[in-house]
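These numbers come from the heavy atoms of this one structure, side chains and all, not from hydrogens, waters or symmetry mates.
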Amino acid sequence: MQYRTNPRNGDEISALGLGCMRFPGPSGRPDARQARAIIARALERGINYLDTAYLYPGNEACVGAALEELGCRDWVFVATKLPHASCRRPEDPDRIFGG
């Protein structure tokens, strides 16, 4: 795996990331066991960057649970996306992301 160094803090982030939009299972209810297996396989291959989004129902919770079960949250980088269409007021991002 190739890595890129974050010049601000020296973190080594995999050049490839795992997109978490389409885990197996019905929309809004990803299969946690299969998602965990996918994430575990990506980590075995050296991927330490996961990409998810608030608009992928159930996926953020599924990713969080998998990272906790795998004991890797301290060294995996997780990105999420701001649902800009849901933001009408300056305080909306805090409401959406729980800040």
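- Summarising the geometry of C72 relative to L43, their closest heavy-atom pair is SG-CD1, 3.5 Å, with the distance given to 0.1 Å.
- Note that the CD1 atom of I13 and the OG1 atom of T5 stand 8.5 Å from one another [nearest 0.5 Å].
- At a threshold of 4.5 Å between side-chain heavy atoms, the hydrophobic network of Ile, Leu, Val, Met, Phe, Trp and Tyr places L70 and Y49 in two separate groups.
- Taking CD from E60 and CG from L55, the interatomic distance works out to 8.5 Å, rounded to the nearest 0.5 Å.
- Shown here for A32 and C62, the closest heavy-atom pair between the two residues is CA-SG, 3.8 Å.
- Not a single donor-acceptor pair under 3.5 Å links the side chain of D11 to the backbone N or O of N6.
- Checked against E91 for a salt bridge (charged side-chain N to carboxylate O under 4.0 Å, His left out), the options R95, R88, R89 give a single hit: R89.
- By the criterion of side-chain heavy atoms lying less than 4.5 angstrom apart, applied directly or through intervening Ile, Leu, Val, Met, Phe, Trp or Tyr residues, V63 is not grouped with Y56; the two fall into different hydrophobic clusters.
- Connection of L16 to M21 is not established within any shared hydrophobic cluster, with ILVMFWY side chains joined at heavy-atom distances below 4.5 Å, either directly or through further cluster members.
- The same ILVMFWY cluster, assembled from side-chain heavy atoms under 4.5 Å apart, contains both I47 and I38.
- Taken together through direct or relayed side-chain contacts under 4.5 Å among Ile, Leu, Val, Met, Phe, Trp and Tyr, F77 and M1 form parts of separate hydrophobic clusters.
- Atom CD in E69 sits 12.0 Å away from atom CZ in R33 (nearest 0.5 Å).
- The 12-atom threshold is not exceeded at CZ of R29, counting heavy atoms of other residues, nucleotides or ligands nearer than 6.0 Å.
- Heavy-atom contacts from other residues, nucleotides or ligands closer than 6.0 Å to CD of Q2 number 12 or fewer.
- In plain terms, the two heavy atoms of V76 and R73 that are nearest each other are O-NH1, 2.5 Å.
- Of all non-hydrogen atoms in S14 and G46, the two that sit nearest each other are CB-O, 3.7 Å.
- In this structure, the side chain of N48 does not engage the main chain of Y3 through any donor-acceptor pair within 3.5 Å.
- Taking every heavy atom of both residues into account, L50 and C20 meet most closely at CB-SG, 4.2 Å.
- When all heavy atoms of P30 and F23 are compared, the pair lying nearest together is CB-CB, 3.8 Å.
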